[in-house]
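Each remark here refers to the structure printed beneath this line.
Just so it is clear: chains get the letters A, B, ... in the order the sequence lines come, proteins before strands, and each one is counted from 1.
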Amino acid sequence: MSRSRSIAVWPRSPTRARQIQLELAARVRREPLRSTPRRIAGLDAALSTDGLDVIGVAVIWDLHDQCLLEQAAARRRLRFPYIPGLLSFREAPALLAALDKVRHSPDLLLCDGQGVAHPRRFGLACHLGVLCDLPAIGCAKSRLIGQATDPPPEPGAWSLLLDNDEIVGAVVRTRAGSRPVYVSVGHRCTLDDAIRVVLSCCGGHRLPEPTYWADRLSRRLRAGS
DNA sequence: GCGACAG
DNA sequence: ATCTTGTCGC
């Protein structure tokens, strides 16, 4: 029961990977969310202790009841090096495999990485969103591209992330006293939707609950192997 | 050539 | 991501 289409391609060379990004970037849709998402999939990855595998984790967070419904993980051999701008070719295979193991179908994907706040407007969240044909949001812990002023110190405050004159995302303060997070559209939603969703599931942590729990589980699994 | 650079 | 001790702050 694969949730992603069979259009996935996993190149070995950086050049081919960038070419694929340019092709798939044309499929990214920035449009209003059709309905309020309830089941949010939180995605994150960790490396195995030996550094040979990627451990992908997918958790399902119920935004209505504010609780964790399910969690799943998948381990895949690393087949691509880490190169800024090409992160998805390294983590996506394991994340998609983890997503396929989850029983509750998610309404939206919340990823630990960028969406369109990317050199070719195709970060991890766009890649996963397009392959699964689901609304997706990128919520990264640091910046890849773009400039922004520091958002005010109050939780909920944010400032636009600009790449020249283009709006590529927002720098959002999810918690007082903590560094802000970088939010951007992954697929099938607007930047306002993305900011709203991220803020709606931030329960006291810097990271939104879905991503927070996925991160926690991935580290736990790493420690146990 | 130099600096930047998700995880 | 991962490696790592102490240390500043609430």
Side-chain angles (χ1 to χ4, degrees), chain A residues 10 14-15 17-18 20-21 24-25 28 42-59 73-99 109-131 136-148 153 155 161-164 168-172 174-187 191 194 198 204-208 210-225:
Chain A
W10 308 110
T15 297
R18 293 189 185 91
I20 291 168
Q21 290 185 319
L24 294 180
V28 172
L43 306 164
D44 192 26
L47 299 182
S48 55
T49 306
D50 60 20
L52 297 176
D53 300 327
V54 189
I55 300 170
V57 166
V59 304
R75 189 168 174 156
R76 288 288 182 281
R77 177 98 344 146
L78 268 176
R79 298 188 179 187
F80 206 89
Y82 170 69
I83 296 173
L86 300 179
L87 175 67
S88 64
F89 293 96
R90 188 174 164 85
E91 300 191 340
L95 294 175
L96 289 171
L99 214 39
L109 307 179
L110 186 49
C111 315
D112 184 33
Q114 315 290 346
V116 298
H118 176 281
R120 289 167 292 286
R121 306 293 180 263
F122 200 69
L124 176 66
C126 300
H127 207 151
L128 295 175
V130 167
L131 291 184
I137 294 170
C139 183
K141 298 183 292 299
S142 62
R143 186 194 71 91
L144 209 211
I145 62 157
Q147 294 72 48
L161 179 62
L162 306 170
D163 185 27
N164 292 308
V168 295
V171 183
V172 183
T174 54
R175 175 182 170 162
S178 293
R179 293 162 50 208
V181 293
Y182 295 74
V183 178
S184 59
V185 170
H187 190 44
L191 178 56
V198 166
H205 309 294
R206 173 165 85 116
L207 297 181
T211 282
Y212 173 82
W213 291 110
D215 175 78
R216 217 158 159 286
L217 178 56
S218 70
R219 298 199 190 204
R220 212 161 116 308
L221 292 176
R222 169 196 155 72
S225 192

Counting only Watson-Crick and G-U wobble pairs with both atom distances below 3.5 Å, the stems of 3 or more consecutive pairs that include DNA chain B are none
For A/Phe80 and C/dA1, what is the distance between atoms CZ and C1' respectively, to the nearest whole Å? 16 Å
For the CZ atom on A/Arg75, are there more than 12 heavy atoms of other groups (residues, nucleotides or ligands in this structure) within a distance under 6.0 Å? yes
Residues in side-chain contact (heavy atoms from CB on, under 4.5 Å) with A/Pro119, at least two apart? A/Leu144, A/Ile145
Parallel, tilted or perpendicular for A/Phe80 and A/Phe89, by the 30°/60° rule? tilted
Test side chain to side chain donor-acceptor pair (under 3.5 Å) applied to A/Arg179 - qualifying residues, sequence neighbours left out: none
Can you name the closest pair of heavy atoms from A/Ser184 and A/Gly115 and give their distance? OG-N, 2.7 Å
Results of ring pair (Phe, Tyr, Trp, His ring centres under 6.0 Å) for A/Phe122 - residues two or more places apart only: A/His127
Please identify each residue that fulfils salt bridge (Lys or Arg N to Asp or Glu O under 4.0 Å) with A/Arg79, with sequence neighbours left out. none
Who are the side chain to side chain donor-acceptor pair (under 3.5 Å) partners of A/Thr174, not counting sequence neighbours? none
Round to the nearest Å and state the distance from A/Leu128 atom CG to B/dG7 atom C1'. 13 Å
Can you measure A/Glu91 atom CD to C/dA1 atom P for me and round it to whole angstrom units? 8 Å
What is the distance from NE2 of A/His127 to P of B/dG7, rounded to the nearest Å? 18 Å
How would nucleotides 1-6 of chain B be written as a contact map, 5' to 3', with B for base contact, S for sugar-phosphate-only contact and - for no contact, using protein heavy atoms under 4.0 Å? ---SBB
Nucleotide pairing, DNA chain C (Watson-Crick or G-U, distances under 3.5 Å), in dot-bracket with [ ] and |: ..........
Under a 4.0 Å heavy-atom criterion, the protein footprint on nucleotides 5-10 of chain C, written with B, S and -, is ------
So, do A/Leu110 and A/Pro208 sit near enough that their side-chain heavy atoms are less than 4.5 Å apart? yes
For A/Asp163, enumerate each residue passing the salt bridge (Lys or Arg N to Asp or Glu O under 4.0 Å) test, keeping only those at least two apart in sequence or located in another chain. A/Arg121
Quick one: closest heavy-atom pair of A/Trp10 and A/Ala92, and the distance? CH2-CB, 3.5 Å
Apply side chain to side chain donor-acceptor pair (under 3.5 Å) to A/Ser48 and list each qualifying residue two or more places apart in sequence or on a separate chain. A/Asp50
If we check side chain to side chain contact (heavy atoms under 4.5 Å, CB included) with A/Ile137, which of these qualifies: A/Leu191, A/Leu109, A/Val183? A/Val183
Given A/Ser218, A/Cys111, A/Pro210, the one that forms side chain to side chain contact (heavy atoms under 4.5 Å, CB included) with A/Asp44: A/Ser218
Which pairs, protein N/O on one side and nucleotides 2-4 of chain C N/O on the other, fall under 3.5 Å?
unit_1 : atom_1 : unit_2   : atom_2 : d
C/dT2  : OP1    : A/Leu47  : N      : 3.3
C/dT2  : O3'    : A/Arg222 : NH2    : 3.1
C/dC3  : OP1    : A/Arg222 : NH2    : 2.6

Indicate the atoms forming the closest heavy-atom contact of A/Gly56 with A/Ala98, along with that distance. O-CB, 3.5 Å
